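Comments concern the structure below.
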Amino acid sequence: MATIYLTRHGQASFGQPDYDCLSPLGERQAVITGEWLAQTLGKSFQLSGSGTLLRQQQTLAGIHKGMSKSGYRSLCADITFPGLDELDSGDLMLAANPDFTDRAQMDLAFAQAANPKQAFFDAYRAALFRWMSGDYDNEYQESWHTFKSRTIEVLHQSTRQMAQNDSAVLVSSGGVISVIILQLLNCPDTEMFRINRQIHNTSITAISERNGKLSLHGFNNYSHLEVKGEKALLTRI
């Protein structure tokens, strides 16, 4: 049975000009995750990879750093899987809010709200459901159906490169992980937002493969952060 440890990236830079970069806290979360994977699971990985986004790649680098402290390492070079890239929230939000001419103008409006995070998530949820409907596919760079297909295909692509008892660590983002969960558990599409809101930074979702079938073995495990006793480590941004 091959096992994939699908990991969300560390805390990124919410509210900053460039979100796609780990915060110092996110860097620490990634190293702690690597230490836990090595010390608790005692794993060296036959396959490791991430999407093309900087925050994903920085998280994978931090995991390697943490693993190396315990004498473990990936047994092959990192692979870049574009299918692990997060959905384009800017594309979704601008299509659903045509009054804004660009993302900077929209972000400024959220920043000026009484509760910026809540204002963003309310607008994001509405935009997500509009995208899922399939009624406006011509307005988006990527359709909901295409997003679902390319995310689950990464798992199949990975397991085709793994032997029966191999392990892999793949770093992605909350939207990707939640839509994979939808498909593994055959949940309604509308559950994606609720699942996504639960996924902590650097949490681990374990997925196994046997005879071409993928199965969920664990979801959103962040005990490696909880055990540190620092509430600041438990983030979802």
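It should be emphasised that the depicted structure is a prediction, and the values quoted were computed from it without experimental measurement.
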Ile152 vs Leu214, side-chain contact (heavy atoms from CB on, under 4.5 Å): CA-CA, chis, key distance, verdict: CA-CA 10 Å; Ile152 202 74; Leu214 299 169; 4.2 Å; yes
ring-ring contact (aromatic ring centres under 6.0 Å, His included) partner of Trp131, the single match among Tyr136, Phe147, Phe193: Phe147
Arg8 backbone acceptor or donor facing Asn201 side chain under 3.5 Å: no
Side-chain heavy-atom pair Phe81, Ser172 within 4.5 angstrom cut-off: no
Check: Ser215 side chain, Ser208 main-chain N or O, donor-acceptor pair, under 3.5 Å: no
Gln56 CD to Thr7 OG1 distance, which is reported to the nearest 0.5 Å: 11.0 Å
Asn220 (side chain) donor-acceptor with Gln198 (main chain) under 3.5 angstrom: yes
Hydrophobic cluster identity match, Val176 and Leu87, side-chain contacts under 4.5 Å: yes
Test item: Asn221 side-chain N/O and Ser203 main-chain N/O as donor-acceptor pair under 3.5 Å: no
Check: Asn97 side chain, Asp99 main-chain N or O, donor-acceptor pair, under 3.5 Å: no
Salt bridge present between Glu142 and Arg150 (N-O < 4.0 angstrom): yes
Heavy atoms from other residues, nucleotides or ligands near CG of Asn138 exceed 12 (cutoff 6.0 Å): yes
Reference residue Arg194; test side-chain contact (heavy atoms from CB on, under 4.5 Å); the match among Arg197, Met192, Glu191: Glu191
Hydrophobic cluster of Leu225, others only, ordered by chain and residue number, side-chain cut-off 4.5 Å: Leu25, Ile32, Tyr222, Leu233, Leu234
Distance (rounded to the nearest 0.5 Å) between Ile204 CD1 and His224 NE2: 4.5 Å
Matching residue for Leu182 among Thr190, Ile177, Asn196, Ile195 - test: side-chain contact (heavy atoms from CB on, under 4.5 Å): Ile195
Flag side-chain contact, heavy atom, 4.5 Å: Glu230 against Arg28: yes
For Phe219, ring pair (Phe, Tyr, Trp, His ring centres under 6.0 Å) partners two or more places apart: none
Basic-acidic side-chain contact under 4.0 Å: Glu153, Arg160: yes
Distance-only polar pair, side chains of Asp78 and His64, donor-acceptor under 3.5 Å: yes
Note, Ile199 side chain near Arg236 side chain (heavy atom, < 4.5 Å): no
Value rounded to 0.5 Å, distance of CD1 in Ile79 from CG in Leu84: 10.5 Å
Glu35 side chain to Ser70 side chain, donor-acceptor N/O pair below 3.5 angstrom: no
Modelled atom types, side-chain donor and acceptor of Gln105 and Thr101, under 3.5 Å: yes
Tyr140 backbone acceptor or donor facing Asp91 side chain under 3.5 Å: no
Minimum side-chain heavy-atom gap Arg55-Ser173 below 4.5 Å: yes
Whether Gln46 side chain and Met162 backbone form a donor-acceptor pair below 3.5 Å: no
Any Glu27 side-chain heavy atom under 4.5 Å of Leu22 side chain: yes
Short side-chain to backbone donor-acceptor contact, Asp85 and Thr52, under 3.5 Å: yes
Side-chain heavy-atom pair Phe120, Lys117 within 4.5 angstrom cut-off: no
Lys213 NZ to Leu184 CG distance, which is reported to the nearest 0.5 Å: 10.5 Å
Pairwise distance CD1(Ile4) to CG(Leu170) - rounded to 0.5 angstrom: 5.5 Å
Same cluster (ILVMFWY, side-chain, under 4.5 Å), Leu128 and Ile181: yes
Approximate separation, where rounding is to 0.5 Å, of Ser23 OG and Gln58 CD: 9.5 Å
His156 atom NE2: more than 12 heavy-atom contacts under 6.0 Å: yes
